[in-house]
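Here's the structure we're looking at; comments come further down.
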Protein chains: 2
Amino acid sequence: MDIHGRDLRYFAAVAEELNFTRAAGRLFVSQPALSKQIRMLENQLGAPLFHRDRRTVRLTAVGEALLPHARGMLASWQAAEAAVQQAREAEQHTLVIGMSTSPGRGLLPALRTRLVSQYPDARPVLRQVPWVDPSAGLADGSSDVAFVWLPLPDGDRYQYAVMAREPRLVALPRTHRLAARAAIDSEGAVDFTDLLDEPFLALPPEAGPLRDYWLALDAWGDRAPRIGGVVASAEETHEAVANGQGVALLAAGNAPLVVRDEVIAVPVRGISPSQLAVAARQGDKRPLVLAYLAAAAKVGAKAR
Amino acid sequence: MDIHGRDLRYFAAVAEELNFTRAAGRLFVSQPALSKQIRMLENQLGAPLFHRDRRTVRLTAVGEALLPHARGMLASWQAAEAAVQQAREAEQHTLVIGMSTSPGRGLLPALRTRLVSQYPDARPVLRQVPWVDPSAGLADGSSDVAFVWLPLPDGDRYQYAVMAREPRLVALPRTHRLAARAAIDSEGAVDFTDLLDEPFLALPPEAGPLRDYWLALDAWGDRAPRIGGVVASAEETHEAVANGQGVALLAAGNAPLVVRDEVIAVPVRGISPSQLAVAARQGDKRPLVLAYLAAAAKVGAKAR
DNA sequence: GGATGTCCATAACCCATGGCTATCACAACA
DNA sequence: TGTTGTGATAGCCATGGGTTATGGACATCC
């Protein structure tokens with residue numbers, strides 16, 4: 001039923017040499033091993049492949065029929081191996097860069113330039129990742145590196161280079177008292193203390209530290225936020241804010257996903273900024289990945 | 001280096017199912033066996049073929065590269081097996097008929113007709129065999145059946161059907177006294193007793209009973225032939241007779257090989273005739289062989 | 001004609017391979 | 001929270017594919 005490539009190699013060698021001993025030498029096996037294998041192949045096919053007269057070996061009709069196929073398959077396998085090798089190298093040189101929204105700021109071309117100057121064969125590939133995955137494809141391996149907003153769930157599973165820090169925003173209904181009032185200062189921002197009486201939209205409890213971060217829990221002192229609802233996506237957040245269930249903190253980069261129609265976003269002063277970072281999986285030591293992180297660190301340092 | 005067809009089958013199955021358990025079922029092996037084999041293939045190629053995320057299996061780039069080659073090779077092997085099968089059947093239906101000179105007498109068409117009427121698929125193939133092999137290819141397996149002159153060396157290794165009996169001839173120089181004289185009777189033959197004083201050409205001693213037969217030893221009574229020389233082929237016989245070293249007995253069918261220029265051949269009366277037979281190897285029970293022998297026996301009986 | 005060489009087959013042995021069953025780990029789901 | 005589905009792991013065993021040593025049948029050479 002199946003065939004082992006080795007048997008075809010052996011068969012072809014004997015067919016060429018028409019001499020078991022020489023063929024065995026060429027194949028770097030002992031002559032009995034070769035004899036045995038050929039015989040097993042003959043048994044498998046149900047017909048002898050060689051006439052072994054006393055002093056001479058020659059192909060039978062069946063052997064003649066098999067030989068071209070055998071040669072063809074050996075060549076095919078060589079081609080297959082080459083294709084695999086090529087794919088491996090392509091994979092080697094490909095760097096999949098995940099992102100949910102473009103990081104903008106000219107970051108991508110800058111990093112790309114640095115990467116290819118160091119690894120001319122590198123092929124950076126951009127990949128759009130649905131917003132539901134905050135790791136932008138790192139978690140499931142569909143990205144090698146990714147632009148992410150810190151903090152990240154399971155944050156210790158990744159290594160980072162921070163690219164930019166920018167104030168968190170608060171999403172409000174356009175009709176909200178804080179949206180129109182003098183609460184918005186000369187810089188177009190609101191104070192976090194002005195938000196303390198508002199109901200907040202929170203991520204589900206299983207989001208862990210991520211939930212705490214987007215409630216800015218460390219800025220509440222001894223007070224506790226009032227939770228106006230639980231949201232798990234940009235879409236839900238938009239809906240909940242528009243319906244007046246509460247306000248929500250946002251990374252600047254995610255604002256475009258939430259701000260539209262009746263929802264606006266305003267920078268918040270008095271809480272730590274959110275951070276845009278390039279991340280990779282912890283322990284991923286592939287040269288391209290490390291180079292991209294290093295490039296990100298350099299560019300990030302310069303930008304700050 | 002080499003590849004086992006089974007591994008390609010396994011790989012293709014998993015690539016189609018994208019599910020190890022189901023693929024294993026389809027292949028009639030256990031799931032662990034399949035997992036192990038795939039992993040070994042991956043090790044051999046130096047790259048994973050499948051992404052195994054928690055719940056899903058999908059091809060890697062390398063896997064994608066390999067898959068078409070794998071399918072191609074599986075198809076190639078099927079084709080090769082079919083070719084072998086076809087060759088086997090052709091061999092099955094082929095009957096190689098050895099002969100040193102054509103038996104003539106319309107025997108070949110007669111036997112052919114009988115054979116194909118019984119086995120319509122049979123393909124009788126005529127094969128000319130050099131005179132040095134009195135078994136006309138039976139001994140070395142290059143013929144399945146053969147037209148031979150009895151007796152044969154190692155005669156018990158063959159089975160026969162006698163087709164015709166005809167007087168043995170004696171080869172003489174054209175200038176020999178027996179050639180021109182009244183020794184040649186009304187039937188154009190000579191009496192063996194007229195030859196008793198001639199030197200005889202003999203086959204080499206290792207020819208055994210064959211040597212005795214062609215000296216007609218049983219017809220000498222208490223006399224013994226005088227050996228004029230030893231010959232091992234038709235060519236040598238021609239030379240020796242032409243040189244006057246002696247006379248030689250011949251089968252009628254072999255006369256054309258010896259008679260030319262200064263050598264003639266004359267039937268001999270008073271010794272047993274030589275026999276033309278169809279022979280096969282003793283113990284060869286292949287239907288086509290037996291059918292040909294049977295046909296020969298029928299035709300031979302009718303001819304006599 | 002006996003010694004020697006060539007060549008394929010056989011025998012006896014060894015260990016890596018490829019199969020099995022049982023079981024685990026983990027996510028999804030009811 | 002128990003159940004189900006899926007792939008990985010562990011431990012076991014038969015077989016396959018290799019080895020060396022040897023045999024037997026011819027050629028060839030001195």
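Letters A, B, ... are given to chains in the order of the sequence lines, protein chains preceding strands, and every chain is numbered from 1. Computed from heavy atoms alone, side chains included, the values below leave out hydrogens, waters and symmetry copies.
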- Task: Starting at CD of A/Gln44, measure out to CG of A/Asp7 and round the result to the nearest 0.5 Å.
- Result: 7.0 Å
- Note on the structure: Result for 5'-nearest mapping on DNA chain C, choosing between A/Gln31 and B/Arg6, is A/Gln31
- Message: If you compare every side-chain N and O of B/Thr21 against the phosphate oxygens of D/dG7 (OP1, OP2), does one of them come in below 4.0 Å?
- Response: yes
- Item | Ring-ring centroid check B/Phe50 B/Phe11, cutoff 6.0 Å | yes
- Query: Rounded to whole angstrom units, what separation is found between the CG atom of A/Asp7 and the C1' atom of D/dG18?
  - Reply: 13 Å
- Query: Under 4.0 angstrom, heavy atoms only, what part of the nucleic acid is A/Tyr10 near: base, sugar-phosphate, or nothing?
  - Reply: sugar-phosphate
- Have B/Gln85 and B/Glu81 got a donor and an acceptor in their side chains that come within less than 3.5 Å? no
- Query: 5'-most contact on DNA chain D: B/Phe20 or A/Pro32, nearest heavy atom basis?
  - Reply: B/Phe20
- Task: Return the value, rounded to whole Å, for the distance between atom CZ of B/Arg39 and atom P of C/dG19.
- Result: 16 Å
- Task: Specify the separation, in whole Å, of atom CD1 of A/Ile38 and atom P of D/dG17.
- Result: 12 Å
- Item | Length of the line joining B/Met40:CE and C/dT17:C1', which is rounded to integer Å | 7 Å
- Task: Among the candidates D/dA8, C/dG19, C/dC7, find the nucleotide nearest to the side-chain atoms of B/Ala33.
- Result: C/dG19
- Interatomic distance, A/Glu17 CD vs C/dC7 C1' [rounded to whole Å]: 14 Å
- Message: Does B/Ser35 reach a base, just sugar-phosphate, or nothing at all? Heavy atoms under 4.0 Å.
- Response: sugar-phosphate
- Quickly work out the A/Met1 CE to C/dG18 P distance and round it to whole Å. 16 Å
- Task: Test for a donor-acceptor pair under 3.5 Å between the base of D/dG16 and the side chain of A/Lys36, counting only N and O atoms.
- Result: no
- Can you tell me how far C1' of C/dA16 sits from CD of B/Gln37, to the nearest Å? 12 Å
- Between B/Thr60 and B/Glu64, do the side chains contain an N or O donor and an N or O acceptor separated by less than 3.5 Å? no
- Return the value, rounded to whole Å, for the distance between atom CG of B/Leu34 and atom P of D/dG7. 9 Å
- Message: To the closest 0.5 Å, what do you measure between NE2 (A/His69) and OG (B/Ser76)?
- Response: 7.5 Å
- Message: Quick check on D/dT20: is either OP1 or OP2 less than 4.0 Å from any side-chain nitrogen or oxygen of A/Ser30?
- Response: no
